Amino acid sequence: MYRSHTCGELNATSIGKEVKLSGWVQKIRDKGFMVWVDLRDRYGITQLIFDEERSSKELMEKAQGLGREFVIQVSGKVIERESKNTNIPTGEIEVLVTELTILNTSLTPPFTIEEDTDGGEDLRMKYRYLDIRRNPVKNKLKFRHKVGMEVRNYLSNQDFIEVETPYLIKSTPEGARDFVVPSRMNEGQFYALPQSPQTFKQLLMVGGMDKYFQIVKCFRDEDLRADRQPEFTQIDCEMAFVEQEDILNIFEGLTRHLLKEINGVEVEKFPRITYDEAMKKYGNDKPDIRFGMEFAELNSLAKNKGFNVFDQQELIVGIAVPGAASFTRKEIDKLISWVKRPQVGANGLVWAKYNEDGTLKSSVDKFYSEEDLKSWAKETGAKPGDLILVMAGDTAKTRTQLSALRMYLGNELGLRKANEFAPLWVIDFPLLEWDEETERFHAMHHPFTSPKKEDFALLETKPGEVRANAYDLVLNGNEIGGGSIRIHDKETQSKMFDYLGFTPEEAKAQFGFLMDAFQYGAPPHGGIAFGFDRLVAILGGQESIRDFIAFPKNNNGRDVMIDAPAKLDEAQLKELHLQINQQVES
Ligand code: ASP
């Protein structure tokens, strides 16, 4: 038996007990006549004491020879500690060791295994197994487990069953490149790793599973924008005989359950806004509604007043920044340079201060009277003490730029509080999205999403205006889930592939299996998938998903611990019928 207790378990009630503990040596304090060791395991830290008067010379020497991260087993007696530590549950006791076994030695770790470590990100990732011993990482993995359990509880109670779907499949278009796996047994052929289990979950509905879920890995080969992973986890769900309303209700329920069980927060019914409204009010289809600063369109108030810069623009739009009338010239200049950076790309920023005394002062006083500015204040909802910021230009671009500024100010002014949760549904997404590069429409969600019945006729005339039965769940400025009601008949699905530029042959080759299945009594169905890593991070009040993943990859998609991806040797390449381009080799 390695242990009778864990290192987090013993306290004042255990005094007098003979115990056995196993764990890692976190810290050693050697006073010569006395040695203290902090022994750590997943559950906590227990102080061990070796004492010249009460321990043998041999035992003392053995204790003195211990190093950080040695794995040891000790037997001893729980005694009351002289100087107590009230910060930890085991802080009132220590174990007077009578026997010490070194189970394994350790090299000196490359960084300190403490709450705050001296190790940088790269080093921690290379030795991730050591990083995981640290509380901040360990606790995040525990937290992730807890969220996963609550998801499973809720969905099982709603009669969902978890079904696994294969990883070695054919392409599932979700807007990214596929990771592919060569087949040894089928020369020249490749599997694709699923970008999501989309087609399989639909086939499970045809199979009569009715309510499916899976906490599942998905793989997307995209350029890794900050805080994305090439493999990530979804809570993937699908239901048969449902309309959009049914799905929104069930998954609002799931989100509410998680907020309550995990965060102890009760949330009102989630607001719903259409995609068009979200773009108009926030310039963003995943708005953070924890703070106001809603967009106000000022075209009718700001045009034709002699300010040429505005007159020619498609959209003039402003926000009121609470309490920011006190910004100095320098602070405003900083905002102007911020929006002019290439990442945002705005031409400039017009400002108007609504002073506490009720007067208004702007960067365009030459063109706009105080009355004009008052009308801007009214439209943006600015109050005395607020700063009005205005941008102008092409509608889509300007909205995106002002949204970036709104989020930046939300962060700067501390309005995006980690312990506040503001979920909402964004509904009525466009079905198609024009891609400038390929000069073609793409499915905004994916090609299996059904158009709204009432918009069906527009497909021929104004495809860009067709709305989909598609919805996103947004939490604190992040899209945490998205889904749609699906097409469930062959004819519509073929038509959709046609609109998306697939020839009938291509559609058959890639998705023939799905359209075949639709001919055997496919029920109406729909679903949703949540990004599990992101959801866990937000519930955990953190920005980054990385620490909630045991073994994450870096921004180049590399696992620096196992050093992957890596080259294959000749024999393996041959077996897979692959040849590496010589140029790549050299
Ligand atoms: N498969 C979709 C996704 O990964 C989710 C869904 O439509 O259910 O975004």
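Numbering of residues begins at 1 and proceeds along the displayed sequence. From a predicted model like this one, the values you see are computed outputs, not experimental measurements. Each ligand, and each atom within it, is numbered from 1 in the order the structure gives.
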Any nitrogen or oxygen of [X], main chain or side chain, under 3.5 Å from a nitrogen or oxygen of ligand 1?
X: H445; answer: yes
X: E238; answer: no
X: Q195; answer: no

At a 4.0 Å threshold, what atoms of ligand 1 neighbour a non-hydrogen atom of [X]?
X: I528; result: 8 (O)
X: G482; result: 5 (C), 6 (C), 8 (O)
X: A529; result: 5 (C), 8 (O)
X: K201; result: 6 (C), 8 (O)
X: G483; result: 6 (C), 7 (O)

Can a salt bridge be assigned to the pair [X] and [Y] using a cut-off of 4.0 Å between side-chain N and carboxylate O?
X: K495; Y: E460; value: no
X: D428; Y: K452; value: yes
X: D455; Y: R467; value: yes
X: K126; Y: D131; value: no
X: R546; Y: D533; value: no

Beyond-backbone contact of [X] with [Y], side-chain heavy atoms, under 4.5 angstrom:
X: I247; Y: I485; answer: yes
X: Y191; Y: V180; answer: no
X: D178; Y: L193; answer: no

**Q.** Location of contacts on E479 toward ligand 1, heavy atoms closer than 4.0 Å
**A.**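 Neither part.
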**Q.** S196, portion touching ligand 1 at heavy-atom distance under 4.0 Å
**A.**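 S196 to ligand 1: side-chain contact only, backbone stays beyond 4.0 Å.
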(Q) Contact between ligand 1 and R220 is defined here as a heavy atom of the residue under 4.0 Å from a ligand atom; is it met? (A)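 In this structure, R220 qualifies as a contact of ligand 1 - some heavy atom is under 4.0 Å.
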**Q.** Q234 heavy atom under 4.0 Å from ligand 1
**A.**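 The answer is yes, since Q234 has a heavy atom less than 4.0 Å from ligand 1.
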Q: Assign the ring pair Y129 / Y127 to parallel, tilted or perpendicular, where the plane angle (0 to 90°) is split at 30° and 60°.
A: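 Y129 vs Y127 ring planes: perpendicular.
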(Q) Considering non-hydrogen atoms of the protein only, which is the closest contact for atom 9 (O) of ligand 1, and what is the distance? (A)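 Nearest protein contact, heavy atoms only, for atom 9 (O) of ligand 1 is E174 OE1, 3.6 Å.
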